[in-house]
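Read the structure below first, then the notes.
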Amino acid sequence: MATSLQFPRSSRSLALIVAVSVGAVVLTGCTPGAEPSSSATATPKPTSSETSEPTSTPSEATPASDAPVVSQPIDASCGDLVSADDIYNYNPNFTLVEDAAPNPDTKPGQIAGMNGLTCQWVHNTSKDTVDIAVAKLSDDELTALKNLAITESTPVPTYGAPPIEGYFTVIDSQGEAQIFTGSYWIAARSTTFFEPGDVEELAEAVMQNLPA
């Protein structure tokens, strides 16, 4: 009679326990790794005080405008500037007008605005006027006026030898002369001045009579 082999039940149970234990170990090893902690510190951002632009420097104050040109005092009157004999020799029909004011848009009017000496003579018949004005100024002020005169008028050499400078032009049917001598600026204007030579006699008288 053949004999069948039978293993003890205790042996199978032991094998099952071992298999289960090994499976548990394998499963434990396959468990996914832990996620990184959400509490990790973020990189700090610079504060507003660290990123702000440098404070701009206030702009400098705008310089004040140049002061107006004012003539130095001239120790002379209109009768001294052009004497009665001088005006008679020029034309006996002209008479001095007291407290007359030249047109402000003319060179004599500009000198009046500088508190210079301004004089006017009127023709007794035609009522034409002759305006003559003188200002005593600094070298810088005279240089600026000379530079302007050469751009808006015509040089006239017959009013005097250098360093005297003379200019003449006609504006609105009125002749206008400018003469620079020493520290003086002389301006003359009239409808009776048609050309530079019409002013020469009066210009010579004024230059001779100016205070030193």
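A donor-acceptor pair under 3.5 Å links the side-chain atoms of Asn103 to the main chain of Asp105, judged by distance alone. When atom types are taken as modelled, the side chain of Thr154 and the backbone of Thr169 share no donor-acceptor pair closer than 3.5 angstrom. Side chain of Glu141 to main chain of Val69: no donor-acceptor pair is present (N/O by atom type, distance under 3.5 Å, no hydrogens or angles).
For residues 99-204, every residue pair satisfying the disulfide (SG to SG under 2.5 Å) rule, not counting sequence neighbours, is listed here: Cys78-Cys119. Each ring-ring contact (aromatic ring centres under 6.0 Å, His included) pair with one or both residues in residues 120-179, not counting sequence neighbours, appears once here: Phe94-His123.
Residues Ile150 and Leu142 fall within the same hydrophobic cluster, defined by Ile, Leu, Val, Met, Phe, Trp and Tyr side chains chained together at heavy-atom separations under 4.5 Å. The cluster map of Ile, Leu, Val, Met, Phe, Trp and Tyr, joined by side-chain heavy atoms under 4.5 Å apart, puts Phe193 and Val170 in the same cluster. Note on Ile132: it clusters hydrophobically with Ile164, by side-chain heavy-atom contacts below 4.5 Å among ILVMFWY residues. Residues Met114 and Leu117 are members of separate hydrophobic clusters, defined by side-chain heavy-atom contacts under 4.5 angstrom among Ile, Leu, Val, Met, Phe, Trp and Tyr. The hydrophobic cluster containing Val130 does not contain Ile171, counting ILVMFWY residues as joined when their side-chain heavy atoms lie under 4.5 angstrom apart, directly or transitively.
Annotation: side chain to side chain donor-acceptor pair (under 3.5 Å) contacts of Ser83 (sequence neighbours excluded): Asp86. By the side-chain contact (heavy atoms from CB on, under 4.5 Å) test, Gln120 pairs with Val97, Ala100, Thr129, Asp131, sequence neighbours left out.
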Distance-only donor-acceptor hits, side chain of residues 196-207, under 3.5 Å, sequence neighbours excluded:
from   : atom 1 : to     : atom 2 : distance (Å)
Asp198 : OD2    : Phe194 : N      : 2.8
Asp198 : OD2    : Glu195 : N      : 3.1
Glu200 : OE2    : Thr158 : OG1    : 2.8

Indicate every side-chain donor-acceptor pair of residues 177-186 with a distance under 3.5 Å to a residue at least two apart or in another chain.
from   : atom 1 : to     : atom 2 : distance (Å)
Gln178 : OE1    : Trp185 : NE1    : 3.2
Tyr184 : OH     : Pro211 : O      : 2.9

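In plain terms, the two heavy atoms of Leu137 and Leu145 that are nearest each other are CD1-CD1, 3.4 Å. The minimum heavy-atom distance between Pro108 and Ala133, with the atom names listed, is CA-CB, 3.8 Å. Of all heavy-atom pairs between Thr192 and Ser190, the closest is OG1-OG, 2.8 Å. Residues Ser71 and Ala135 approach most closely at OG-CA, 3.6 Å, considering heavy atoms.
One distance of note links CG of Leu210 with CG of Asp75; it measures 11.5 Å at 0.5 Å rounding. Atom CG of Asn93 sits about 10.5 Å away from atom CD1 of Ile87, to the nearest 0.5 Å.
Counting heavy-atom neighbours within 6.0 Å of Asp172 CG, excluding the residue itself, gives a total of 12 or less.
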**OP:** Kindly determine whether Thr143 and Asp140 satisfy side-chain hydrogen bond (donor to acceptor under 3.5 Å, both in side chains), including the steps that lead there.
**Re:** CA-CA 5 Å; Thr143 297; Asp140 289 342; 5.3 Å; no

